[in-house]
Amino acid sequence: MKQHIADLIQHAIDALKAAGEFDTDLVPKIQIDNTKDKQHGDLACNVALTLAKVARRKPRDIAQLICDHLPASDSVTKTQIAGPGFINFFISQDATQAIIGKVLEEADHFGRNNTGAGHKVQVEFVSANPTGPLHVGHGRGAAYGASVSNLLEASGYEVEREYYVNDAGRQMNILAASLWLRYLQQAGEDIVFPSNGYQGAYVNDIAKQLHQQVGDALTHSASQVMANLHVDGPEGDKEKHIDDLIARAKDLLGETNYELVFDAGLDSIRDDIKQDLHGFGVDYQHWFSERSLDQDDQINRAINKLQEQDHVYEDGGALWFRSTAFGDDKDRVVKRDNGQTTYFASDIAYHLNKFERGMDTVINVWGADHHGYITRVKAALQALGIDPKRLVVKLVQFAILYRGEERVQMSTRSGSFVTLRELREEVGKDASRFFYVTRKSEQHMDFDLELAKSQSKDNPVYYIQYAHARICTLINKLAQDNMAWDSVMGLGQLEKLNEAAEITLMQQIALYPEVLANAASNHEPHQIAHYLKDLAGNFHTYYNAHRMVIDDEQLRNARMCLCMAARQVMANGLDLLGVDAPEHM
RNA sequence: GCGCCCUUAGCUCAGUUGGAUAGAGCAACGGCUUUCUAAGCCGUGGGUCGAGGGUUCGAAUCCUUCAGGGCGUACCA
């Protein structure tokens, strides 16, 4: 409809150019807006205001000229010039009612578009260290990334959802050491567990399993394990203590057995994360292992590529990437003086790899604490000859957890945290998925567990699901009363739908495609959430004021068409957010 | 110190990329059910859009200064 109005205005302006009223090289930007106030019609155009300066005329005069030259249209019943020079359009009821047939015909596909056709985009999200179960903080990234992926898919993009498994580095070695020590405890050794180890009960569980699988094959005496270590904190140095333990584990176990322990921890936790996310309605096309970069020598290859372009230099025994040449505050080390490559070097290789896989655009969903990395990663891409604009980083602010008034403290290391799984079990997938994306991602967010758990109307997801279920119940009610919904008859009688609540509901339904398009292009799933709340509200108002199961079969079928169209849009929108659309509540 | 993000009703948040009189939910108050799900609907009150300055026909939105909050500023990952 907006396009139609824009075409009409373009016609008028072309006619005015031909008549010599406007310069022929005038290229107006025609923008059509939905009006806030229905007194201003349904759609409004501000073109007369924007043209005023270049055309050197008063806005209202321009608006009048345009109105006088607008071609006739069946969809427009009235135009008016208002305020400083807006042109308001009143849309005919026929045109408004037509949306119902479109929704029912297109069903699941209603609202989708093809702006991303032929465009490959990767969305990488969550990507938490596989050192423990996901906690509630990861949930927001998961819900956001999944919804953004769905939005892009609904806009025609070819989407790959990817999880970057940080299975290399010190934290993983700490996990392996923690696991081994728990295993030794299982085997009956008297081990004092390090303060800096992973203390969560899940490490014990994995250790128990490992012990069942391999028996005492990995056992060494406590005295051997604990001999000559730096003293643990707080009296000593907990970092040195744990590093000693890692070295001891590698030493006593040997490479093969150390890897066995390491992999037992990694595989178990990664699989657990995978299942957890699946239960959260989040599934990936690809799990990318950080270790594989090193194994395939991709890190060195990336560094060499930078070196070829002279973006790397040596200083103090280390290799530095000259990121300052691309806007970074300081240069960054890619290879340490001990010969080890840095995490940043892996990241360069990883991002190079992404684009070499043929992605047109890469979206990274990162926790807000990683914002300092954006500049350097983009710098690396630029140095590698890849347009940094093809990398889009979306920062997700932390959700601060509350139980009622009380703030919940979280720490993975100490094991006292609320896991995503607990959240799912307590709150439910639907409420938590919805709750996470009702707020703009870069907005700080208070997540009150009590509130999310309560099945009250504070929880907007119930409000929407309830609306959906109510419509499904109507169909059942019809059947009970030996009536059936005849959509053909209903669609032929749409002109009967002229109650104010019906018009409002139809207009809201008609808005869905542009809300979806806008949410997708801005990566803002919260727009869908808010839209659905409004749509459900419009439906409840309608439902409360009018009856659908009535004897007048023409009106009944027409109303059912409207209700079913509303139901379809709710189902489509909820699906994008990963929320179920139940038939009963 | 420097950099990024944020500040809108008592609370939690929207605000369609610069449009007309800034909205919703919750909380408060008052109504609505012999009826298809009251997990609902209708109504009332509530604002210096953090503060000042600027840009223009027009600013919550863009620029600038300041205040407050969060995060980051590793040869950690």
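The sequence lines fix the lettering, A, B, ..., with proteins before strands; numbering per chain opens at 1. Just so you know, these numbers come straight off a predicted model, no measurement behind them.
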* **Pairwise C1' distance, A60(B) and A9(B) [rounded to whole Å]** => 14 Å

* **Parallel, tilted or perpendicular, as decided by the 30° and 60° cut-offs, for the rings of Y343(A) and Y164(A)** => tilted

* Among C5(B), U21(B), A74(B), which nucleotide sits nearest the side chain of Q397(A)? -> C5(B)

* H540(A) side chain N/O closer than 4.0 Å to the phosphate oxygens (OP1, OP2) of A39(B)? -> no

* Hey, does the side-chain of N46(A) have a donor or acceptor N/O within less than 3.5 Å of a partner on the base of A20(B)? -> no

* F539(A) side chain near R470(A) side chain, heavy-atom distance below 4.5 Å -> yes

* Structure fact -> Winner on side-chain proximity to L49(A), out of A20(B), C57(B), C75(B), is C57(B)

* Asked: Looking across every strand, which nucleic acid part, if any, lies under 4.0 Å from A467(A) by heavy atom: base, sugar-phosphate, or nothing?
  -> nothing

* Using a cut-off of strictly less than 4.0 Å, decide whether T541(A) has a side-chain nitrogen or oxygen near OP1 or OP2 of C42(B). => yes

* Asked: Of all the choices, G19(B), C5(B), G3(B), which nucleotide is nearest to the side chain of H371(A) once you look at every atom?
  -> G3(B)

* Asked: Which heavy atom in Q80(A) sits nearest to a heavy atom in Q39(A), and how many Å separate them?
  -> OE1-O, 3.5 Å

* Between K440(A) and G15(B), is there a side-chain N or O to OP1/OP2 distance below 4.0 Å? -> yes

* OP1 or OP2 of C57(B) sitting under 4.0 Å from any side-chain N/O of K53(A)? -> yes

* To do: Give a yes/no on whether any side-chain N or O of R376(A) is located under 4.0 angstrom from OP1 or OP2 of U73(B).
  => no

* Give none if G3(B) has no partner; otherwise give the nucleotide forming a Watson-Crick or G-U wobble pair with it, both distances under 3.5 Å. => C71(B)

* **Stacked pair H40(A)-A20(B), distance under 5.5 Å, angle under 30°** => yes

* Asked: Looking at E502(A) and R559(A), does any basic side-chain N land under 4.0 Å from a carboxylate oxygen?
  -> yes

* Using the closest heavy atom to pick a nucleotide of RNA chain B for each, name whichever of G83(A) or T341(A) lands nearer the 5' end. => G83(A)

* **Between U56(B) and C63(B) - C1' atom distance, rounded Å** => 13 Å

* To do: Return the value, rounded to whole Å, for the distance between atom CG of D328(A) and atom P of G72(B).
  => 17 Å

* To do: Name the closest nucleotide to the R336(A) side chain, picking from U21(B), C75(B), C36(B).
  => C75(B)

* Asked: Considering only the C1' atoms, how many Å lie between A38(B) and U34(B), rounded to the nearest integer?
  -> 15 Å

* Atom of R60(A), atom of P84(A) and distance for their closest heavy-atom approach -> CG-O, 3.5 Å

* Asked: Between Y463(A) and C41(B), does any side-chain N or O lie under 4.0 Å from OP1 or OP2?
  -> yes

* Structure fact -> The nucleotide from A39(B), C36(B), G40(B) with an atom nearest the side chain of M585(A) is A39(B)

* Asked: What is the nucleic acid contact for A368(A), judged by heavy atoms within less than 4.0 Å: base, sugar-phosphate only, or nothing?
  -> sugar-phosphate

* Asked: Hey, is F86(A) stacking on A20(B)? Ring centres under 5.5 Å, planes under 30°.
  -> yes

* Distance below 4.0 Å between K36(A) side-chain N/O and A20(B) OP1 or OP2 -> yes

* Structure fact -> Heavy-atom nearest pair, I91(A) first then D42(A), reads N-OD2, 2.7 Å

* P-based separation of A59(B) from G19(B) [nearest Å] -> 11 Å

* Which of these nucleotides, A74(B), A20(B), C13(B), is closest to any side-chain atom of H530(A)? -> C13(B)

* **Rounded P spacing from U65(B) to C2(B) in Å** => 11 Å

* Nearest-nucleotide pick for D369(A), side chain only, options being A20(B), G15(B), C71(B) -> C71(B)

* Using purine N1 to pyrimidine N3 plus N6-O4 or O6-N4 for Watson-Crick, or N1-O2 and O6-N3 for G-U wobble, both under 3.5 Å, which nucleotide pairs with C11(B)? -> G25(B)

* **Q527(A), nearest nucleotide to its side chain (from C75(B), G15(B), C36(B))** => G15(B)

* Using the P atom in both, what is the distance from A39(B) to G52(B), to the nearest Å? -> 47 Å

* Asked: When you match R332(A) and I550(A) each to their closest nucleotide on RNA chain B, which lands nearer the 5' end?
  -> I550(A)

* Atom P, compared across G1(B) and G25(B): separation rounded to whole Å -> 43 Å

* Asked: Nearest to the side chain of R470(A), which nucleotide is it out of A38(B), C42(B), U16(B)?
  -> A38(B)

* Can you tell me, in whole Å, how much space there is between the C1' of U35(B) and that of C41(B)? => 14 Å

* To do: From the options U16(B), C13(B), C75(B), select the nucleotide whose nearest atom is closest to the side chain of R439(A).
  => C13(B)

* **Ion pair R291(A)/D263(A), N-O distance below 4.0 Å** => yes

* **Intermediate values then yes/no, ring-ring contact (aromatic ring centres under 6.0 Å, His included), Y144(A) and F125(A)** => CA-CA 8 Å; Y144(A) 175 75; F125(A) 58 107; 8.8 Å; no

